[in-house]
Every structure is written in structure tokens, then in C-alpha cells.
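The structure displayed is predicted, hence computed values, not measured ones.
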Amino acid sequence: WDQFDPQIQRELGGAMFYTATDYIKANRVRTILQREMEQVFRRCDVMAVPGSQNRPRELQSPDEARARYDEVTPSTTRRGNTSIGNMTGYPALVTPCGMFSESPTFPITIQLYGRPFDEFTLYRAAYAYESATDWHKQRAPLAGG
């Protein structure tokens, strides 16, 4: 337990307080979300959403980044849009799609979702996007040189 990151300890520790009833309710919600995703993929092959909902912050060190992250970001908002895939099991990938105008050292990402067991189409869509743009080739300068 002591070898886990403190953030992981908090998140895993909190899970000890979920009841069997909570688990059953969560699985019911998951089933509803999976049905909704099935409806989406009857109309499209790939779904695109923002890769993150959080704005970047300029930080100097990993320790400062961790302290600031824990201070200002509630655990319920840290996951960006990955919760769709986490809740439904649908495959996803993230690729760069720009840079923040006010902070050009931070990339903006797009997250693509595909049908279950159809990762091939998902990879083809990401490859087509990256072939049409050069965002995936750009690198932000590292803090401190």
C-alpha cells in the first residue's frame, strides 16, 4: 500500500466505502450508458470529443505540478472525457489537435471513440487525422530548458 502514489491511495481508499447496492446501481448506469453508445455508433463510425476538460497551468517541476494538481483539481474532474470509455468499455485514443493560444506550450487533444472490438477503424481515423495535420509532430519546450 505504501508504494502507491498518495492520489491513488485516496481514490482506492474511498472505494472501501461503496456498498453492494452502490455497485449494483453503478452497473445499471453502465448498462444505460452502453445502450446510449450503441445508439451513437448506429449513426457514425467514430465519435470525437475533447481530450481534456481542464485548462493547462504553467508549472516548473513535477513536484510543483503534483502539489498544484492535488490542490486545485477535485478528483471528480481529473479524468477529462476518459470516463466515457472507463464506464462503457468502448475503445478510445487521444491525439494532439492544437495548442492553447494563451499558453502555446500546452497541447489540446481530441479523444476518439470507436465501436467495441473495432480498434482498426479507430486507428484508421486517427491516422487519417494525423496525416492531414502536423499537430502530432509539434513538441512543447520543456520547463527549465
Side-chain angles (χ1 to χ4, degrees), residues 1-41 44-127 129-130 133-145:
W1 179 257
D2 294 337
Q3 294 178 0
F4 282 113
D5 178 81
Q7 177 60 36
I8 299 298
Q9 288 177 351
R10 284 190 291 274
E11 291 187 16
L12 290 176
M16 293 187 301
F17 299 103
Y18 290 122
T19 65
T21 304
D22 294 331
Y23 180 74
I24 291 167
K25 287 178 185 177
N27 277 323
R28 288 179 180 157
V29 170
R30 176 186 166 126
T31 300
I32 292 167
L33 292 173
Q34 287 172 325
R35 288 182 186 148
E36 292 292 326
M37 291 291 281
E38 286 174 20
Q39 295 297 320
V40 168
F41 285 102
C44 67
D45 295 320
V46 175
M47 180 176 70
V49 299
S52 174
Q53 298 171 354
N54 300 326
R55 310 269 318 156
R57 291 175 173 72
E58 300 242 13
L59 302 168
Q60 297 302 312
S61 71
D63 291 336
E64 184 182 0
R66 171 54 69 187
R68 181 78 175 142
Y69 179 79
D70 288 341
E71 173 189 333
V72 301
T73 311
S75 63
T76 55
T77 63
R78 288 190 183 141
R79 290 167 182 79
N81 288 316
T82 62
S83 61
I84 298 169
N86 295 344
M87 291 285 294
T88 63
Y90 277 66
L93 61 79
V94 175
T95 190
C97 66
M99 293 285 190
F100 281 96
S101 59
E102 65 275 5
S103 181
T105 61
F106 288 97
I108 299 171
T109 59
I110 186 170
Q111 183 153 346
L112 304 176
Y113 283 95
R115 291 183 180 97
F117 308 105
D118 189 21
E119 286 84 354
F120 181 74
T121 299
L122 193 59
Y123 293 138
R124 283 186 24 222
Y127 180 77
Y129 179 79
E130 289 184 353
T133 67
D134 67 351
W135 293 115
H136 64 286
K137 295 178 184 175
Q138 296 185 25
R139 300 289 182 260
L142 296 175

Any donor-acceptor pair under 3.5 Å from Tyr90 side chain to Ile84 backbone
no

Determine whether Cys97 and Tyr129 make a side-chain contact, defined as any pair of heavy atoms from C-beta on separated by less than 4.5 Å.
yes

Would you give the length of the straight line joining atom CD of Glu119 to atom CZ of Phe117, rounded to the nearest 0.5 angstrom?
7.5 Å

With a 3.5 Å distance limit and no angle check, can you tell me whether Arg115 reaches the backbone of Cys44 through a side-chain donor-acceptor pair?
yes

Atom pair CG/OH of Leu122 and Tyr127 - distance to nearest 0.5 Å:
15.5 Å

Ile8 side, atom CD1; Trp1 side, atom CH2 - distance, nearest 0.5 Å:
9.0 Å

Residues that Thr109 engages under side-chain contact (heavy atoms from CB on, under 4.5 Å), provided they are two or more places apart
Val94

With distance as the sole criterion, is a donor-acceptor pair present between the side chains of Asp22 and Thr19 under 3.5 Å?
yes

Which donor-acceptor pairs under 3.5 Å do the side chains of residues 29-37 make with protein atoms, sequence neighbours left out?
residue: Thr31; atom: OG1; partner: Asn27; partner atom: O; Å: 3.0
residue: Gln34; atom: NE2; partner: Thr88; partner atom: O; Å: 3.0

Would you give the length of the straight line joining atom CG of Leu12 to atom CG of Asp5, rounded to the nearest 0.5 angstrom?
10.5 Å

